[in-house]
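Everything on this sheet refers to the single structure shown next.
In the text below, chain A, chain B and the rest are named by the order of the sequence lines, each starting its count at 1. All figures in this text were calculated on a predicted structure; none of them were measured in a lab.
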Amino acid sequence: MSEKKTKRRDFLFTATTAVGAVGAAAVVWPMIDQMNPDASVKALASTEVDVSSLTPGNTLTVLWRGKPVFIRRRTQEEIDEARAVKMEDLIHPEKDEDRAKNPEWLVMLGVCTHLGCVPLNDKGDYNGWFCPCHGSHYDTSGRIRKGPAPWNMEVPKYEFVDANTIKIG
Amino acid sequence: MSDHDYRPKSKVGQWFNDRLPLLTLANHLTDYPTPKNLNYWWTFGGILTFCLITQIVTGLTLAMHYIAHADMAFESVEHIMRDVNYGWLIRYIHANGASMFFLAVYIHIFRSLFYGSYKAPREIIWIIGIIIYLLMMAAAFMGYVLPWGQMSFWGATVITNLFSAIPLVGEGIVTWLWGGYSVDNPTLTRFFTLHYLIPFLILGLVVLHIWALHVPGNNNPVGIDIKKPSKDTVPFHPYIVIKDGFALLMFMIVFAFFVFYAPNILGHADNYIEANPMVTPAHIVPEWYLLPFYAILRSVPDKLLGVVAMLSAILILAVLPWLDTSKIRSAVFRPLYKQFYWILVADVLILGYVGAMPAEGLYLLIARVATAYYFLHFLVILPVLGFKEKTLPVPLSITEPVLGGSPNLAAARNKESKIE
């Protein structure tokens, strides 16, 4: 066989394989993407919560996107404690001022950043939250202080619609 | 192998077999030469086949009554327990059957570890076995989610969150697995689908596992290569069939004990509380058969490294044939390995125990030591032992130690050659 003919075949093989691979990928992708959150799940993106009944030192837990959200009305001691912490003592350094824009109100996902359990209120070595699953301790700002969790509890996007209503999402 | 020359006696049989040689296969399976010294630890292959069939049959019947929906799953399981004819029996067999399956598979795996069944030329059998074991864990985990109790929900949350440890893409993968922003109905329906699929994948792999086994033939307690067929072997039927059958009967007594007298002893009371995404149970523990790996996960104080350690603990088994450098298979002739083997057994049991305990104080310390030892066993002790250990003399055949009563091996060999 001459060299020229072999090259022509090589081109055809490569081109066929390439087109075939693109076609296969185009078919596989919908099969994979169908598992991602669907339109109805995405539609439940925000919740409004009435917080007028909440007194200082208490926490309200609401469900947002299937996950619990802690709304904590903090006491002055808790705020002071959270703001007094030095950045170098933190595993995931974040200022309390950035986590709670209005210092009295702490709003965050009640989901441990380790493996997703719901931490318990007013527990743990730092007077904040304690996750019973694998022993992560959070402070009064919801920041991780001790245990396997890598990050602070996440602060979702939220805003005060009026003095008594918080809109999450 | 000689059975390839098999020719059915009847005309019809010949006609059929020429077109589809199923009768040749059946003949191969009945005549299959098996080492005559197999002990009862070798009966668990048959027992495991029984377990798989039991799970498939009971699972199929449960699926006729179960409803895979977050609002109805919990109630439909109670409906099965209270209303469906014999539903309680079928569900208890299925739930305890999972535990019995793992009990049998652990004995099967530790038998291989003791007698070196994973070594050349049986590496592929072993690796297929490890894949089956991984699929079993996936099936068991997803099956446990289906009743949609508190342990189901939070077990699913914790295990799927393991993937969030992967840098960069982790969170995206978890959302994709959930089909939402938390474990919810989309998660339940896909877990049900996969839980239904996996047993059939396992069935296919079991066929490959047995096929790969039938190429070199069974290992045996002496761990030597034997001639097949020879006076060292017996045909699978009736010898092994009867022995396996008797062992299966004993196993079924244990199985029946759990189903009829202690059907909930291996489960968690929390799973009779319907799933509640707002409250995590005070103490989350996986089923007993996953506890050693759970202990390894928790013994590492870093999220990513904990997940890596847990997965490595399982995957390290796949490369075991190359980590164990000793040419001698059976621990019977490896005095040092035999001791380390039993330390490993104790180590895994200890890991299982601390996995069920809270991860703090002394328990955490024990878990860390046991985790370190687990990896030490596979990564340091086994490779080194192959070079350092002084092994005992291995007999030339299975018959030799029996017939050659004298300690003089040469005499024994002589005697044997005469019999031959």
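Distance check, rounded to the nearest 0.5 Å: CG of Leu115(A) to CG of Leu162(B) gives 5.5 Å. Interatomic distance, OG1 of Thr187(B) versus CE of Met35(A), reported as 9.0 Å (0.5 Å rounding). Atoms OG1 and CZ, on Thr175(B) and Arg65(A) in that order, are 9.0 Å from each other to the nearest 0.5 Å. Here Ile284(B) contributes atom CD1 and His134(A) contributes atom NE2; the two are 7.0 Å apart, rounded to the nearest 0.5 Å.
In terms of heavy-atom proximity, Pro68(A) sits nearest to Met278(B) at CB-SD, 4.2 Å. Taking all atoms of both residues into account, the shortest heavy-atom contact from Glu171(B) to Trp151(A) is OE2-CZ3, 4.1 Å. In plain terms, the two heavy atoms of Leu63(A) and Pro277(B) that are nearest each other are CD2-CG, 4.1 Å. Heavy atoms only, all atoms of each residue included: Pro132(A) and Pro281(B) are closest at CG-O, 4.2 Å. The shortest non-hydrogen separation linking Tyr294(B) to Cys133(A) is OH-O, 4.4 Å.
Per-residue heavy-atom pair counts under 4.5 Å with chain B were compared for Asp38(A), Val41(A), Asp33(A), and the maximum is reached by Val41(A). By number of non-hydrogen pairs under 4.5 angstrom with chain B, the leading residue of Leu120(A), Ile32(A), Val111(A) is Ile32(A).
Residue Trp154(B) touches chain A through its side chain alone, counting heavy-atom pairs closer than 4.5 Å. For Phe153(B), no part lies under 4.5 angstrom from a heavy atom of chain A. Of the atoms belonging to Pro358(B), not a single heavy atom falls under 4.5 Å from chain A. Looking at Leu297(B), only its side chain comes within 4.5 Å of chain A, counting heavy atoms on both sides.
Open room surrounds CE on Met31(A); 12 or fewer heavy atoms of other groups in view lie less than 6.0 Å from it. Atom CD of Glu104(A) has more than 12 neighbouring heavy atoms from other residues, nucleotides or ligands inside a 6.0 Å radius. The number of heavy-atom neighbours closer than 6.0 Å to CG of Leu12(A), taken from other residues, nucleotides and ligands shown, is above 12. Atom CZ of Phe163(B) sits in a sparse spot, with 12 or fewer heavy atoms from other residues, nucleotides or ligands closer than 6.0 Å.
The shortest distance between side-chain heavy atoms of Val158(B) and Cys117(A) falls below 4.5 Å.
Checking side-chain atoms of Lys303(B) against main-chain N and O of Thr113(A) turns up a donor-acceptor pair under 3.5 Å.
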